Novice: 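Take a look at this one; I'll ask things after.
FYI, side chains are in, hydrogens and waters are out, and symmetry mates aren't considered; it's all heavy atoms of this structure. Bear in mind the structure is a predicted one, so any value in this text is a computation, not a measurement.
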Amino acid sequence: IRFILVCIVVIGYLILSIPILLVEWIIGRFSPEKKDISSLRIIQAVFRFILKITGAKITVIGEENVPKDTPVLYIGNHRSYFDILLTYSRCPIRTGYIAKKEMEKIPLLSTWMRYLHCLFLDRKDIKQGLKTILTAVDKVKSGISICIFPEGTETEIKDELDMLPFHEGAQNRYQGQLPIIPIAISNSANIFEAHFPKISPAKVVVEYGKPIYPDELSKEDKRHVGEYTQNVIRENAYKRTKPLTEKLNKTIWATATEFGENIPAKWGRADCGNDFFQTRSSPQSVKNKNLSSAGLLYIEFSICIWTDP
């Protein structure tokens, strides 16, 4: 039902917003900045409504690290289409996103994206890609924040601490005094991608790290700003998952001890209402508290009881 409702809202808004696009265009003829702000607030309201439909419980950490009157370069990990909604709905000032070139072909949506200073990156054309990156850097310098997900696409990696290598693009070209804000997004894929096409409520954490100023980094880190930022994001994600991992360790051990050799030989599943974890595990790896060989896929629970899946 949630999936259908989200589709109705998205398609319905794009169609019904045609007159709004015209009004925004007229406003932009007289005051481009007012048009930018009004477009930003309109889309933020729509995104917040869609997130409400999903039932996602969103925890935001470190939002005080985001300047309210200074443009920044946001850099985040990417797990879900909903990452855009989760982050854009909280942008304090005009902000554009770097999106895949393919999105430029979608009518109405691409028009709104241009209104919002989004840029379309062609990863197959190096020359055009570089031009897009330089345009993004210029936008930040001109007072418009830019958000980029340097992994290049929403990843299907299950472990929140594993990421695809960051494409060294805007973050390496950007060597200014304005800050880079790292964003660590945890568990967003469990809204939709983890059980496509179903949309389910999920507990999502969005953490804004402390600003990174490239001109204050060491000479080596300046050459690899993307890698440096990715390490910061990974550290922030680790802080969120470590307490859960420790609790899971104890729960698995207690359960393994209780069941002994009767632990199911198939995939283990600990049932916690709507929350669960799964392991690609043999009973022995669980009994030995070896989470690495158990192949942890997902953690989110309170009190779990081992059950035969």
Novice: Could you state whether Ile20 and Ile8 fall into the same hydrophobic cluster, counting links through intermediate Ile, Leu, Val, Met, Phe, Trp or Tyr residues with side-chain heavy atoms under 4.5 angstrom apart?
Specialist: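 Hydrophobic grouping puts Ile20 apart from Ile8.
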
Novice: Considering all heavy atoms of both residues, which atom of Phe47 and which atom of Ser89 are nearest to each other, and what is their separation?
Specialist: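 Closest pair (atom of Phe47, atom of Ser89, distance): CB-CB, 4.2 Å.
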
Novice: Same hydrophobic cluster for Ile37 and Val23, using side-chain heavy-atom links shorter than 4.5 Å among ILVMFWY?
Specialist: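 Hydrophobic grouping puts Ile37 apart from Val23.
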
Novice: Using only atom types and a distance under 3.5 Å, with no angle test, would you say the side chain of Ser200 pairs donor to acceptor with the backbone of Ile191?
Specialist: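 No, the answer is negative, given that no donor and acceptor are paired below the 3.5 Å cut-off.
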
Novice: Heavy-atom count around Ile126 CD1 within 6.0 Å, excluding the residue itself: above 12?
Specialist: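 No.
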
Novice: Which one of Ile18, Leu21, Ile106 satisfies the side chain to side chain contact (heavy atoms under 4.5 Å, CB included) criterion with Thr111?
Specialist: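 One option only clears the test, and that one is Leu21.
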
Novice: CD of Glu102 to CZ of Arg123: how many Å apart, nearest 0.5 Å?
Specialist: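 Nearest 0.5 Å value for the CD-CZ distance: 9.0 Å.
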
Novice: Can you confirm whether Pro179 sits close enough to Pro67 that some side-chain heavy atom of one is under 4.5 Å from a side-chain heavy atom of the other?
Specialist: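 Side chain of Pro179 against side chain of Pro67, heavy atoms only: contact under 4.5 Å found.
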
Novice: Counting C-beta onward and ignoring hydrogens, is there a side-chain heavy-atom pair between Ile181 and Ile75 closer than 4.5 Å?
Specialist: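 Not touching, per the 4.5 Å side-chain cut-off.
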
Novice: Where do Val232 and Pro182 come nearest, in terms of heavy atoms and distance?
Specialist: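 What the structure gives for the nearest pair is CG1-CG, 3.8 Å.
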
Novice: Linking I/L/V/M/F/W/Y whenever their side-chain heavy atoms sit closer than 4.5 Å, directly or via other members, would Phe196 and Leu86 fall into one cluster?
Specialist: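 Shared cluster, yes.
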
Novice: Report the residues that fulfil side-chain hydrogen bond (donor to acceptor under 3.5 Å, both in side chains) with Thr132, sequence neighbours left out, ordered by chain and then residue number.
Specialist: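 Testing Thr132 for side-chain hydrogen bond (donor to acceptor under 3.5 Å, both in side chains), a comparison that skips the adjacent residues, returns none.
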
Novice: If you apply the rule side chain to side chain contact (heavy atoms under 4.5 Å, CB included), what do you find for Ile144 with Val140, and how did you get there?
Specialist: CA-CA 5 Å; Ile144 299 168; Val140 176; over 6 Å; no

Novice: Mind checking the CD-CD spacing from Gln230 to Glu235? Nearest 0.5 Å is all I need.
Specialist: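 Answer for the CD-CD pair, Gln230 versus Glu235, is 11.5 Å.
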
Novice: According to a 4.5 Å side-chain heavy-atom criterion applied to Ile, Leu, Val, Met, Phe, Trp and Tyr, with indirect links allowed, do Phe30 and Leu22 form part of one hydrophobic cluster?
Specialist: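 Cluster IDs for Phe30 and Leu22 match.
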
Novice: Of the non-hydrogen atoms in Gly143 and Ile93, which two are nearest, and what is the gap between them?
Specialist: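 In this case the closest contact between Gly143 and Ile93 is O-CD1, 4.2 Å.
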
Novice: I need the Leu119 CG to Cys147 SG distance, nearest 0.5 Å.
Specialist: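 Those atoms lie 12.0 Å apart.
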
Novice: Would you find a donor on one side and an acceptor on the other, under 3.5 Å apart, between the side chain of Asp83 and the backbone of Arg79?
Specialist: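 Side chain of Asp83 to backbone of Arg79, a donor-acceptor pair under 3.5 Å: yes, one is there.
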
Novice: Can you list the residues that meet the ring pair (Phe, Tyr, Trp, His ring centres under 6.0 Å) rule with Phe3, with sequence neighbours excluded?
Specialist: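 Scan of Phe3 (ring pair (Phe, Tyr, Trp, His ring centres under 6.0 Å), adjacent residues dropped) gives Phe192.
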
Novice: What is the distance from atom CD1 of Ile58 to atom CG of Leu85, rounded to the nearest 0.5 Å?
Specialist: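 Output value for this atom pair is 9.0 Å.
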
Novice: Heavy-atom count check: over 12 atoms from other residues, nucleotides or ligands less than 6.0 Å from Ile1 CD1?
Specialist: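 Counting neighbours around CD1 of Ile1, 12 or fewer heavy atoms of other residues, nucleotides or ligands fall under 6.0 Å, so no.
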
Novice: Heavy atoms, side chains only, cut-off 4.5 Å: are Phe120 and Met103 in contact?
Specialist: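 Yes, close enough: below the 4.5 Å cut-off.
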
Novice: Do Ile183 and Asn77 make a side-chain contact, defined as non-hydrogen atoms from C-beta onward lying under 4.5 Å apart?
Specialist: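 Not touching, per the 4.5 Å side-chain cut-off.
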
Novice: Determine, step by step, whether Ser80 and Glu193 satisfy the side-chain hydrogen bond (donor to acceptor under 3.5 Å, both in side chains) criterion, reporting the C-alpha distance in whole Å, the side-chain angles of both residues, the deciding distance to 0.1 Å, and the verdict.
Specialist: CA-CA 7 Å; Ser80 169; Glu193 284 79 3; 2.8 Å; yes

Novice: Just how far is it from atom CD1 of Ile133 to atom CG of Leu121, taken to the nearest 0.5 Å?
Specialist: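 It comes to 5.5 Å.
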
Novice: Taking C-beta and beyond as the side chain, do Tyr97 and Leu116 meet within less than 4.5 Å on heavy atoms?
Specialist: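 Side chain of Tyr97 against side chain of Leu116, heavy atoms only: no contact under 4.5 Å found.
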
Novice: Taking the side chain as everything from C-beta on, heavy atoms only, tell me whether Val204 gets closer than 4.5 Å to Ser186.
Specialist: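 Answer no - side chains too far apart.
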
Novice: Can you list every salt bridge (Lys or Arg N to Asp or Glu O under 4.0 Å) pair that touches residues 30-44, not counting sequence neighbours?
Specialist: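 Every salt bridge (Lys or Arg N to Asp or Glu O under 4.0 Å) pair that includes a residue of residues 30-44, provided the two are not neighbours, is Asp36-Arg94.
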
Novice: Step by step, work out the side chain to side chain contact (heavy atoms under 4.5 Å, CB included) result for Val60 and Tyr208.
Specialist: CA-CA 8 Å; Val60 180; Tyr208 296 91; 3.8 Å; yes

Novice: Hey, could you give me each pair passing side chain to side chain donor-acceptor pair (under 3.5 Å) that has a residue in residues 2-25? Not counting sequence neighbours.
Specialist: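 Listed by first then second residue: Ser17-Trp112, Glu24-Ser38, Glu24-Ser39.
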
Novice: Taking only residues two or more places apart in sequence, or in another chain, which ones meet Lys101 in a side-chain hydrogen bond (donor to acceptor under 3.5 Å, both in side chains)?
Specialist: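 So Lys101 forms a side-chain hydrogen bond (donor to acceptor under 3.5 Å, both in side chains) with Glu104.
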
Novice: Could you name each residue pair satisfying side chain to side chain donor-acceptor pair (under 3.5 Å) that touches residues 59-75, not counting sequence neighbours?
Specialist: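 Sorted pair list: Glu63-Arg90.
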
Novice: Do you know which two heavy atoms are closest between Asn236 and Ala184, and how far apart they sit?
Specialist: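 Closest pair (atom of Asn236, atom of Ala184, distance): CB-CB, 4.0 Å.
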
Novice: For the residue pair Ser110 and Lys105, establish whether any side-chain heavy-atom pair is separated by less than 4.5 Å.
Specialist: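 When only atoms from C-beta onward are counted, Lys105 and Ser110 do not touch, as no gap falls below 4.5 Å.
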
Novice: Could you state whether Ile42 and Phe49 fall into the same hydrophobic cluster, counting links through intermediate Ile, Leu, Val, Met, Phe, Trp or Tyr residues with side-chain heavy atoms under 4.5 angstrom apart?
Specialist: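 Both belong to a single hydrophobic cluster.
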
Novice: Where do Phe82 and Thr87 land on the side chain to side chain contact (heavy atoms under 4.5 Å, CB included) test, with the steps shown first?
Specialist: CA-CA 9 Å; Phe82 283 92; Thr87 53; over 6 Å; no

Novice: State, yes or no, whether a side-chain contact exists between Leu40 and Tyr88 at a heavy-atom distance under 4.5 Å.
Specialist: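 A side-chain contact exists here, since the closest heavy-atom pair is under 4.5 Å.
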
Novice: Say whether, by atom type as modelled, one donor and one acceptor occur between the side chain of Asn187 and the main chain of Asn190 under 3.5 angstrom.
Specialist: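 Absent.
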
Novice: What distance do Ile185 atom CD1 and Glu207 atom CD have between them, rounded to the nearest 0.5 Å?
Specialist: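 Separation between the atoms: 11.5 Å.
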
Novice: In a check of side chain to side chain contact (heavy atoms under 4.5 Å, CB included) between Lys139 and each of Ile146, Leu134, Thr95, which one passes?
Specialist: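 Looking at Ile146, Leu134, Thr95, the match for Lys139 under the side chain to side chain contact (heavy atoms under 4.5 Å, CB included) is Ile146.
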
